[in-house]
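Numbering of residues begins at 1 and proceeds along the displayed sequence.
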Amino acid sequence: MVVLCKPPTPEQCSFSYVKNFKTITTFPPQICVVDLSKPDAKTLIVKACEEFGFFKVTNHGVPMDTISKLESQAINFFSLPLDQKQKAGPPNPFGYGNKKIGLNGDVGWVEYLLLTNDHDFNSTKLSPAFGHTLDNFRSVTSDYMCAVRRMGCEILEMMAEGLNIEQKNAFSKLLMDKESDSVFRLNHYPPCPSELLGLNNKKGENMVGFGEHTDPQIISLLRSNNTSGLQICLKDKTWISVPPDQNSFFVNVGDSLQVMTNGRFRSVRHRVLANGFKSRFSMIYFCGPPLSEKIAPLPSFTKDKESLYKEFTWFEYKKSAYATRLADDRLCHFERI
Ligand SMILES: C=C1C[C@]23C[C@@]1(O)CC[C@H]2[C@@]12CC[C@H](O)[C@@](C)(C(=O)O1)[C@H]2[C@@H]3C(=O)O
Ligand SMILES: O=C(O)CCC(=O)C(=O)O
Ligand SMILES: [Fe+2]
């Protein structure tokens, strides 16, 4: 197939690139795989959250049909002409976004749709883009979110059990709460024109799809198609590529869980590199607590170790996080000195 590409515009030139010499791809991959149906799942989850803040989940219980229906809706949406998609934007934070991520100057080789709650579907923003398919989109999104939230609760309960926390629902209750401030994101990373990728490969650099960051919430539940790009940062600061697996979910520990476990679990730094050939589609459910929820280390984590963090509400953290750039350390403002 011949790909015709235009010269980069000034806007494209301001994309970020990363040096990839520090990236290692190990075989077999170092990623922890947790089969949720196995009795050792709790122990493995705890180990993975301590070491990586990241793991892959199989036997997750989210029906493949539910996933495929949403994926086709996403593909249809992202295939629309740009001006039609832009009617669903700008992301404030709900809505369609293209290249610009957040409000503070981050740019990536990505377009996305952010959904914050059910009311988003009643807004006049989505109907010009989705037209008569909006009801179907709402219904497949809602089925997907329900199934993924259920899996999220199961994982959070296993975490609490694995950590020997008395209250099995210590984490999951935040997600079950009807006020839970969760966010849902559909990302599309189009194939990056060879002109942009090639230029930089010579220098051993890669175009960034979604810049490095940690997720602010409790956990994030990520599913993608079979296109690579996702990388995680290890404790020793090396980056490893996560082999894609469209039949599994990936779980990221977010900043809030790092705080609730008083630093025992680490929120994982991750990023997505652009791909020269294939589109990457990902759907991520960010499990957030209610806005008024006080976030602080749970008592069982402060028996033998002083609290590393000041108490804050999720509203306070979110407000502060949204004023930062993607790569910033957002937790440092809440550390006890
Ligand atoms: C640059 C930003 C985008 C982001 C808000 C922020 O100011 C810093 C955190 C970013 C992040 C990362 C995880 C999720 O994708 C996200 C929706 C979130 O909750 O925090 C994004 C925010 C965004 O894209 O609006
Ligand atoms: O698209 C992906 O695979 C990851 C994106 C991500 O980390 C995010 O949206 O926060
Ligand atoms: Fe993320």
Side-chain angles (χ1 to χ4, degrees), residues 3-20 71 73-116 120 123 125-126 128-130 183-201 203 205-216 220 222 224-225 227-231 239 244 252 269-284 286 321-328 330:
V3 182
L4 299 174
C5 15
K6 296 189 196 108
T9 62
E11 190 199 5
Q12 287 168 332
C13 291
S14 64
F15 282 115
S16 332
Y17 291 86
V18 289
K19 283 264 176 218
N20 62 8
E71 186 171 55
Q73 287 280 325
I75 294 174
N76 289 345
F77 171 74
F78 289 120
S79 312
L80 293 172
L82 183 61
D83 57 347
Q84 201 172 332
K85 289 183 279 193
Q86 274 169 336
K87 290 182 180 151
N92 55 0
F94 143 64
Y96 171 76
N98 192 318
K99 299 188 182 77
K100 290 183 185 156
I101 301 171
L103 302 171
N104 308 310
D106 288 287
V107 177
W109 190 258
V110 65
E111 57 174 340
Y112 57 89
L113 186 63
L114 267 169
L115 297 169
T116 46
D120 293 351
S123 130
K125 240 173 160 177
L126 294 182
F130 282 90
V183 180
F184 184 54
R185 169 168 218 140
L186 295 171
N187 286 332
H188 171 220
Y189 302 86
C192 183
S194 52
E195 204 172 36
L196 289 177
L197 268 180
L199 240 178
N200 293 282
N201 277 343
K203 288 195 268 165
E205 289 177 343
N206 272 107
M207 164 75 100
V208 171
F210 203 112
E212 64 171 275
H213 65 282
T214 60
D215 294 342
S220 317
L222 183 154
S224 78
N225 68 346
T227 303
S228 62
L230 181 64
Q231 297 191 326
W239 286 90
N252 293 345
R269 199 157 262 272
H270 55 286
R271 67 186 182 197
V272 178
L273 300 185
N275 188 298
F277 305 99
K278 288 168 72 194
S279 268
R280 174 178 168 90
F281 291 96
S282 59
M283 24 183 112
I284 308 122
F286 301 93
Y322 273 71
T324 60
R325 299 283 302 259
L326 260 187
D328 289 347
R330 284 174 268 284

Might you point out which heavy atoms bring [X] and [Y] nearest each other, and give the distance in Å?
X: Lys278; Y: Asn275; value: N-OD1, 3.0 Å
X: Pro91; Y: Tyr112; value: CG-OH, 3.4 Å
X: Leu326; Y: Asp106; value: N-OD2, 2.9 Å
X: Arg325; Y: Asn104; value: CD-O, 2.6 Å
X: His188; Y: Ser279; value: NE2-OG, 2.8 Å
X: Pro216; Y: Arg330; value: CG-NE, 4.4 Å

**Request:** Go through the steps to decide whether Phe286 and Phe184 satisfy the test ring pair (Phe, Tyr, Trp, His ring centres under 6.0 Å), and finish with yes or no.
**Result:** CA-CA 6 Å; Phe286 301 93; Phe184 184 54; 8.6 Å; no

**Asked** Where do Leu230 and Leu222 land on the side-chain contact (heavy atoms from CB on, under 4.5 Å) test, with the steps shown first?
**Response** CA-CA 10 Å; Leu230 181 64; Leu222 183 154; 4.3 Å; yes

**Request:** Could you verify whether a donor N or O on one side chain and an acceptor N or O on the other, from Thr214 and Arg269, lie under 3.5 Å apart?
**Result:** no

**Message:** Just by distance, no angles: are the side chains of Asp215 and His270 close enough, under 3.5 Å, to form a donor-acceptor pair?
**Reply:** yes

**Request:** Mind running side-chain contact (heavy atoms from CB on, under 4.5 Å) on Asn225 and Glu71 for me, showing each step along the way?
**Result:** CA-CA 9 Å; Asn225 68 346; Glu71 186 171 55; 3.3 Å; yes

Evaluate the side-chain proximity of [Y] to [X]: yes if any heavy-atom separation is below 4.5 Å, no if none is.
X: Leu186; Y: Phe78; result: yes
X: Trp109; Y: Pro191; result: no
X: Leu126; Y: Leu113; result: yes
X: Glu111; Y: Lys85; result: yes
X: Phe210; Y: Asn187; result: yes
X: Ser224; Y: Arg280; result: yes
X: Val110; Y: Val272; result: no

**Request:** List the steps, then state whether side-chain contact (heavy atoms from CB on, under 4.5 Å) holds for Tyr96 with Asn98.
**Result:** CA-CA 7 Å; Tyr96 171 76; Asn98 192 318; 2.9 Å; yes

**Request:** Apply the test side-chain contact (heavy atoms from CB on, under 4.5 Å) to residues Tyr189 and Ser282: give CA-CA distance (whole Å), side-chain angles for both, the deciding distance (0.1 Å), then the verdict.
**Result:** CA-CA 9 Å; Tyr189 302 86; Ser282 59; 3.9 Å; yes

**Prompt:** Does Lys125 make a cation-pi contact with Phe94 (under 6.0 Å, within 45 degrees of the axis)?
**Reply:** yes

**Request:** Using atom types as modelled and distance alone, determine if a side-chain donor or acceptor of Glu212 lies under 3.5 Å from a backbone N or O of Arg271.
**Result:** no

**Message:** Going by side chain to side chain contact (heavy atoms under 4.5 Å, CB included), Leu114 matches just one of Asp120, Asn92, Val183. Which one?
**Reply:** Val183

